[in-house]
Structure formats: C-alpha cells, structure tokens
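Here is the structure we will look at, set down as structure tokens.
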There are 2 protein chains.
Amino acid sequence: MSHQPFRNWQAIQAEVLRRIHAREWPPGHTIPNEADLAREFGCARATVNRALQSLADAGLLERRRKVGTRVALHPVGKATVDIPILRQEIEDRGLRYRYQLISRNVEAAPPHLRTEAAALHITALHWADEMPYVFEDRWIDTETAPDALEQSFDEISANEWLVTTAPYTHGDISFTAQPATGALTTWLNIPDNTPVFVIERTTWDRDAPITAVKLTYAPGYRIHTVIGTGPMAF
Amino acid sequence: MSHQPFRNWQAIQAEVLRRIHAREWPPGHTIPNEADLAREFGCARATVNRALQSLADAGLLERRRKVGTRVALHPVGKATVDIPILRQEIEDRGLRYRYQLISRNVEAAPPHLRTEAAALHITALHWADEMPYVFEDRWIDTETAPDALEQSFDEISANEWLVTTAPYTHGDISFTAQPATGALTTWLNIPDNTPVFVIERTTWDRDAPITAVKLTYAPGYRIHTVIGTGPMAF
DNA sequence: GGCGTTATTATGTATATACATAAAAATCCT
DNA sequence: AGGATTTTTATGTATATACATAATAACGCC
C-alpha cells in the first residue's frame, strides 16, 4: 500500500466509494470506525466524519452510535426531481410562456384540503409557444392565505404568486397517468381518454393547508432526471 | 433581542429558516456573513457554516465565495422519489409478489444503449396478489455485465439480480404517461390505448452502459412522495 | 440466574485555529 | 484610460481537542 495521505474529505469519500464499488466492503459489511480510518488515511477524524456523513445522507451507509457504520443492504436508488415554477420550466425549454386564467371562484373547500374554511378555486391554462402545455386546477385555503382573495390572478398565475408569497413547511406530491376527460379535452385540445401525465400536490404551513393543485400536462410530457449526481454507487 | 445563545447547528438552522420564512430575509437578500452570524448567535463560525451549508444543499440558500450568502430567488422544490426493487415495492404494500419470465434472447443492442456489443433482451411480468403489476422490458449490455449470460432469470428477476450484482455510477430516469399498445395490453390484461404510467431508466458504470429498462405499470399506479422532510421553507 | 448499574465505545457535535480558494475591489504601471 | 497585478474578503476545509449521546457490554448484587 503506497499510502499517500488523502488530503480532503472528497478524496476519502471517493476511496470509500471505490471500496464499496469493488466489493471490498460488500453490502451489509461493517466498515472500520472513524478513528481507525483517520489513522489509515492520515487525516483527522473530523475529515473522515465529513466524508462518511455525506455518504450516509445519500443512503449508501447506515450509521448508528456505538454500533458503527455499515454499507447499506438495499441501497434504495433516490432520484430527486425538481419542481420549478411553470413559467421557468417552459422558458428553460426555450419556449414562449403564456398564462391564461379560465375561472376564479370562492367555493366550499373540497374534502382533501381538510379545512372548514372557504376556498378559492382557480383553473388556468399555461401555454408554451402557443400550444397548451398544462391545465392547472387549484384550490387555495382562504384562511391560511387570505391575501389570495385580493389577487385577480388574471396576469400572474397562482403558481407563481404562491411561491413568492406563501411559504410552506411541507407537502406531498404524486404522479399518475390518467385518461383525459371532460373540460380538459377541450382546453388541451385532445381526444377523450388520451393518456395524460398528472401531478397532484398539496402544501401545508405547519398543520394548516395552503393549497392543493392538480396539474394535467399535455400529451408527450416527460419528467426527466438523473440519478447519481451526488455520490451514489449501485 | 434576548439573545440567548444557540447551542447547536440545528437551532441556528431553525432560526435562519424562521427569518427566511418570516420574510426578515426575503428571497434575493444577502444575509450577514458567517463571522457576524457566529458573533450574533454566540457560537463558532464552523457551527454557522454547518447550518448554512446544509440549507444551501437543500437549495434554500445560494453561496459564493467572497460574494456571500443569498436567499434563493426561486427555491426549486425538490422531491426525492425512492426507486426500490420491485419485489420490495410490492411486498411493502402488503401484497404477495410473483415473478414471471416471458422471454430471454440475445440480440443486437438497441440504439439507446449506445453500444456495439450484443445485448440480453428480457421481458418479464411482476405480479402483486395475482394481478399484473408491471411489465418489464429490459436490455442488458453483455460486455459490461457478462455474468448476466449465465443467468436464466426464470427464478430471480433481472431487476433484483442487477441491483445486488452490477454496481452503477450513474443513470437517468424518466416518467411518462403513454397509451398501452401491442403485447402489453395482453400481459397487463387491459384494453388498447389504456393510459399507463411508464418509467424508463438507463444505468451506467462510468462510460459503459449496463442496462436500459422500460417499466410499464398497470393502470392506477401512482408515485407518491413528500417534499420538505428536510429543512425546506417555501 | 436475573436485574439494575456502571463502564466502554463509536458516532455526533462544538470549539479555536489555521490555511486554501474564488472573486471582487483596489492599485499600479504604462 | 486600460490592462495586469496585488489586496481584501467571504466561504471552504483541515486540524486537535473536548465533551455529548446512544447503545452495547461488563459488572455486581441479591
């Protein structure tokens, strides 16, 4: 072993990654403790800690106090998908963005918003290069976001307004494939039952719901992302 | 300002988050530098660094040397979706898993694998509680993963075999909604043109392709995940 | 033997210090 | 003025040290 010292935590991370990758440390294996690794690599324990910590964050290692650090058994691949503002998503593709408000009403909130308060119901269409891109069907809780009532939403979209106005603490999101039905087919100008990609999202501020939105994309839409930009190995 | 000292980096992170959240530091605002914050919070600069670093990782802050730290203008929401092994995905839902190999051939590799070598072409069906769950259409590069040729894949799926055998460095993944056509409709037992959720994934070992797979899920499939388990704020 | 207490151990984190690095600002030279 | 060079500054990272915490192992008592 030539044993030249590893100077930075990235180099250590790379070496650990190499050993996992080369099956020197197979899945389930308990690797040496930080102090030993620090000695072997000729660096401070804090540096080893930094390297292992970030591999643990990435789901590749499992660490428990006193027990030690193990190579993850089922390194669940994790893909992170970005959820940009629609305007940006469209303009990033080099297309011309246009927004069109379809309806704006105050109605009783739908059950999935889980609130007693009235809700602002907005439907709108987002265009890309004069082609319908996505149909937005949104409910905004008027109790958590009362300012929304003063917004007409005929110029700037609720999507954009909320992002810069109503901070959220958490939310949930789901992706499905659905057949297009009803008014949707008119707005997106597609035949009945055409497969469309649907994103449903609800966001909360602590325990209060802010908004629930259903985004129905025109046919051909594709979410694309990469796995393994960070460390990763399997 | 009562100014009680913040003892740990999580507390500092929470306080920074609070200020962003409360619009004391609005989007685009350049926040005080680490040294000043350390003085204000009564802690070491390294502790402030840890807190800000992790917020920057989460996409909430943008940091540049010499320039300083700004609150992100368009805090892109990031949703991380897990990519488990199919057996696990099904069993985690409390359903009985069954695997059925449909075909296994060595053929010329399709163009998107970007290789000259022959490829192993496998199609299979994964069942959940005796209902077709997902149809797998996979190509494996025989040069990068020659061991695959010795596997019959009639008992354990290529999905499972690859995860525990062929480590990858990176990959890409995409989600679409498509109409079901051809043999698919037979295997999934659905009418022609039924909307189905499709995941396409390609994985690489450095510059060599390992496998490309198209997973077509039975109708009703839904990817669900949460945003904001980590810090987050908008 | 079984149960409660104490010691041990690996990770988690805070600290002060030092130096590296990137980028902007100031300076110098022609 | 203008281009090249130096200084300044904020973040990035490595270091030694110290103590906290969680979980196990060892011990001791009845």
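Quick note on labels: first sequence line is chain A, next is B, and so on, each numbered from 1.
- Formation of a donor-acceptor pair under 3.5 Å by the Asp141(B) side chain with backbone atoms of Glu143(B) is found in this model.
- Closest non-hydrogen pair, Ala177(A) versus Ala177(B), comes out as CB-CB, 3.6 Å.
- The aromatic rings of Trp161(A) and Phe153(A) lie perpendicular to each other, with more than 60° between the two planes, well past the 30° mark.
- Side chains of Tyr97(B) and Glu89(B): a donor-acceptor N/O pair is absent below 3.5 angstrom, by distance only.
- Residues meeting the ring-ring contact (aromatic ring centres under 6.0 Å, His included) test with Phe197(A), sequence neighbours left out: Tyr221(A), Phe197(B).
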Q) Nucleotide by nucleotide, 5' to 3', does protein get under 4.0 Å of the base (B), only the sugar-phosphate (S), or neither (-) in nucleotides 3-16 of chain D, counting heavy atoms? A) -----BBBBBBSBS
